[in-house]
Amino acid sequence: MYKKIERDNKIFNSEEFLKDKYKFNIVTKILTGDEVLLYSDEENYFFARNREGKPTWIWTKDNLKDEKILEEIKEAISLYLTDLKYDQFTCKKEFYNYLLQTNYKSLNKNDYFELGFLICNGVKDVKKVDGNMQKATKDEVDIIAEFVFKFLNFMKITLKENDEVTFEKAKKESEDLIERELLYTWKNRDGKIVCIAKYDVINGTARIGHVYTLKDERGKGYAANLIHDLTKLILNKNIQPLLYTDYSYPASNKAYINAGYSDEGILINFSCSRDKEE
């Protein structure tokens with residue numbers, strides 16, 4: 001039976017979870033947060049979330065067939081339902097399918113997002129384009145903030161995230177990333193910033209994110225070149241690069257694959273509502 005657990009629980013070092021540690025890289029970040037809400041049976045599954053409004057990650061061991069345990073996990077979802085319109089969850093596809101098959105009453109069936117997981121052990125050559133990668137600087141913060149603002153809004157709409165997106169928030173995040181030297185740009189031959197990307201390092205892994213290209217500059221290979229060069233930089237530091245992507249958006253996935261990433265399958269992002277209208 002599930003119970004509230006602490007960050008140092010044995011399940012986070014179990015053989016079953018360690019097989020999935022890269023795919024569930026976000027959990028590592030959750031465990032380092034100021035607020036964390038964890039429930040688990042300490043063997044077959046766990047739930048992990050930071051503060052209310054953030055997605056809850058549900059890890060289950062592979063090939064879990066025990067009906068009693070699966071029902072237990074389904075019951076535990078209620079511990080993470082709030083008064084928000086949508087509460088976001090991420091899990092393996094097999095558990096999501098179980099929720100569908102058993103008609104879990106709080107599930108919003110139309111809210112379904114395939115989150116691709118990719119990992120890179122070595123870059124491949126990509127078709128070179130004009131321009132080059134540069135580390136973002138403080139004097140570019142207003143331009144960078146526009147990119148970050150658009151990216152955060154895209155993710156909010158796509159994932160139905162509850163956080164309010166403001167330009168002030170985007171600028172503050174941009175300033176922080178620039179200060180920590182984790183945000184990079186691709187500038188074309190005219191010196192114009194056309195694409196950005198950042199990475200976060202956690203326990204020997206670097207998760208690439210905030211990949212955003214200006215609409216009128218897409219399809220020109222800028223993102224592929226930026227990902228290639230940024231990934232090479234990370235690998236040269238002996239850090240494992242990985243990323244999550246919108247699995248339904250083939251253009252970005254192709255850019256990652258071309259740069260040397262391998263497709264390691266999907267996770268499902270979905271939402272539930274405590275007071276769902278039928």
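- Minimum interatomic distance between Ala145 and Ala170 (heavy atoms only, all atoms of both residues): O-CB, 3.7 Å.
- Closest of all the heavy-atom pairs between Ser106 and Leu81 is OG-CD1, 3.8 Å.
- For Asn225 (side chain) and Lys127 (main-chain N/O), a donor-acceptor pair under 3.5 Å exists by modelled atom type.
- Between the CD1 atom in Ile266 and the CG atom in Leu118 there is a gap of 12.0 Å [rounded to 0.5 Å].
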- prompt: Run the side-chain contact (heavy atoms from CB on, under 4.5 Å) check on Phe46 and Phe17 step by step: do they pass?
  reply: CA-CA 10 Å; Phe46 66 75; Phe17 176 64; 3.6 Å; yes

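- Nearest heavy-atom pair, Ile227 versus Ala197, reported as atom, atom and distance to 0.1 Å: CD1-CB, 4.5 Å.
- Of the options Leu230, Val194, Ile196, a side chain to side chain contact (heavy atoms under 4.5 Å, CB included) to Trp186 is made by Val194 and by none of the others.
- The only member of Lys138, Lys198, Lys172 that meets salt bridge (Lys or Arg N to Asp or Glu O under 4.0 Å) when paired with Glu179 is Lys138.
- A salt bridge does not link Asp87 with Arg274: none of the charged nitrogens is closer than 4.0 Å to a carboxylate oxygen.
- The environment of NZ in Lys10 is sparse: at most 12 heavy-atom neighbours from other residues, nucleotides or ligands sit within 6.0 Å.
- Considering OG1 of Thr231 and CG of Asn121, their distance stands at 11.0 Å, rounded to 0.5 Å.
- Counting heavy-atom neighbours within 6.0 Å of Lys21 NZ, excluding the residue itself, gives a total of 12 or less.
- With Tyr244 as reference, Phe117 is the one residue of Tyr261, Tyr256, Phe117 to meet the ring-ring contact (aromatic ring centres under 6.0 Å, His included) rule.
- Taken to the nearest 0.5 Å, the CG atom of Asn203 stands 8.0 Å off from the OG1 atom of Thr32.
- Donor-acceptor pairing under 3.5 Å is lacking for the side chains of Tyr2 and Glu42.
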field: Residues Tyr212, Cys195; criterion side-chain contact (heavy atoms from CB on, under 4.5 Å); working and verdict
entry: CA-CA 6 Å; Tyr212 191 86; Cys195 183; over 6 Å; no

- request: Determine, stepwise, if the pair Asp66 / Leu70 fulfils side-chain contact (heavy atoms from CB on, under 4.5 Å).
  value: CA-CA 6 Å; Asp66 189 313; Leu70 288 167; 5.9 Å; no

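- Side chains of Lys92 and Asn97: a donor-acceptor N/O pair is absent below 3.5 angstrom, by distance only.
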- request: Would you please test Asp130 and Tyr222 for side-chain contact (heavy atoms from CB on, under 4.5 Å) and show each step?
  value: CA-CA 8 Å; Asp130 65 286; Tyr222 292 133; 3.1 Å; yes

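- Between Lys74 and Leu99 the shortest side-chain heavy-atom distance falls below 4.5 Å.
- Lys124 is not listed as a side-chain neighbour of Asn258, based on a closest heavy-atom distance of 4.5 Å or more.
- Residues Glu75 and Tyr104 fail the side-chain proximity criterion, which asks for heavy atoms closer than 4.5 Å.
- Side-chain polar atoms of Tyr86 and Gln88 form no donor-acceptor pair below 3.5 angstrom.
- Between Tyr112 and Tyr96, the distance from one ring center to the other falls under 6.0 angstrom.
- The line from CD1 of Ile144 to OG of Ser174 is 7.0 Å long, rounded to the nearest 0.5 Å.
- Using a 4.5 Å cut-off on side-chain heavy atoms (C-beta onward), Leu243 and Val211 make no contact.
- Looking at heavy atoms from C-beta onward, Leu233 lies in side-chain contact with Tyr199 at the 4.5 angstrom threshold.
- No side-chain donor-acceptor contact under 3.5 Å links Arg189 to the backbone of Asn132.
- Counting only heavy atoms from C-beta outward, the side chains of Glu173 and Leu177 approach each other to under 4.5 Å.
- Aromatic ring orientation, Tyr39 versus Tyr80: perpendicular (interplanar angle above 60°, classes split at 30° and 60°).
- Using a 4.0 Å cut-off between a side-chain N of Lys or Arg and a carboxylate O of Asp or Glu, Lys171 and Glu168 do not qualify as a salt bridge.
- Side-chain contact check for Thr245 and Asn253: at least one donor-acceptor pair (N or O, by modelled atom type) lies under 3.5 Å.
- When each of Thr90, Asp246, Asp111 is tested with Asn269 by the rule side chain to side chain donor-acceptor pair (under 3.5 Å), just one qualifies, namely Thr90.
- In summary, Arg49 and Glu35 do not engage in a salt bridge, as defined by a charged side-chain N under 4.0 Å from a carboxylate O.
- Side chains of Ile208 and Ile234 form a contact here, defined as non-hydrogen atoms less than 4.5 Å apart.
- Both Leu183 and Phe149 are members of a single hydrophobic cluster when ILVMFWY side chains are connected at heavy-atom separations under 4.5 Å.
- Met133 and Leu235 sit in two unconnected hydrophobic clusters of ILVMFWY residues. Membership requires side-chain heavy atoms under 4.5 Å apart, directly or through other members.
- For the residue pair Tyr98/Glu71, the side-chain donor-acceptor check at 3.5 Å is satisfied.
- Between Phe113 and Phe270, the gap from one ring centroid to the other reaches at least 6.0 Å.
- Shortest non-hydrogen contact noted between Leu84 and Glu52 is CD1-CG, 4.3 Å.
- Defined by atom type and a distance below 3.5 Å, a donor-acceptor pair is missing between the side-chain atoms of Lys85 and Ser273.
- A single hydrophobic cluster is not seen to contain both Leu18 and Ile30; linkage of ILVMFWY side chains at heavy-atom distances under 4.5 Å, directly or through other members, places them apart.
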task: Report the C-alpha separation of Glu140 and Lys187 in whole Å, then their side-chain angles, then the decisive distance to 0.1 Å, and conclude whether the salt bridge (charged side-chain N to carboxylate O under 4.0 Å, His left out) test is met.
output: CA-CA 12 Å; Glu140 298 168 329; Lys187 291 184 179 180; 2.6 Å; yes

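- Judged by distance alone, the side chains of Glu264 and Ser262 do bring a donor and an acceptor atom under 3.5 Å apart.
- Rounded to the nearest 0.5 Å, atoms NZ (Lys68) and CD1 (Ile73) are 13.0 Å apart.
- Between Arg218 atom CZ and Lys215 atom NZ the span is 6.0 Å, to the nearest 0.5 Å.
- Under a cut-off of 6.0 angstrom, the local environment of CG in Asp62 is crowded, with over 12 non-hydrogen atoms contributed by other residues, nucleotides or ligands.
- In this structure, Arg207 fails the cation-pi test against Tyr22, since its NZ or CZ atom is not both closer than 6.0 Å to the six-membered ring centre and inside 45 degrees of the ring normal.
- Taking the six-membered ring for Trp and thresholds of 30 and 60 degrees, Tyr45 and Phe47 have ring planes more than 60 degrees apart, a perpendicular arrangement.
- Comment: Arg180 engages Asp200 in a salt bridge, judged by a side-chain N to carboxylate O separation of less than 4.0 angstrom.
- Atom NZ of Lys232 has 12 or fewer heavy atoms from other residues, nucleotides or ligands within 6.0 Å.
- Nearest heavy atom pair, residue Leu31 against residue Arg7, reads O-NH1, 2.7 Å.
- Although no hydrogens or angles enter the test, the distance criterion places a donor-acceptor pair under 3.5 Å between the side chain of Asp263 and the main chain of Gly265.
- Between the side chains of Asp20 and Trp59, at least one donor N or O sits under 3.5 Å from an acceptor N or O.
- At least one side-chain heavy atom of Lys61 sits less than 4.5 Å from a side-chain heavy atom of Glu43.
- Contact record, Asp142 with Phe167: O-CZ, 4.1 Å, taken as the closest heavy-atom pair.
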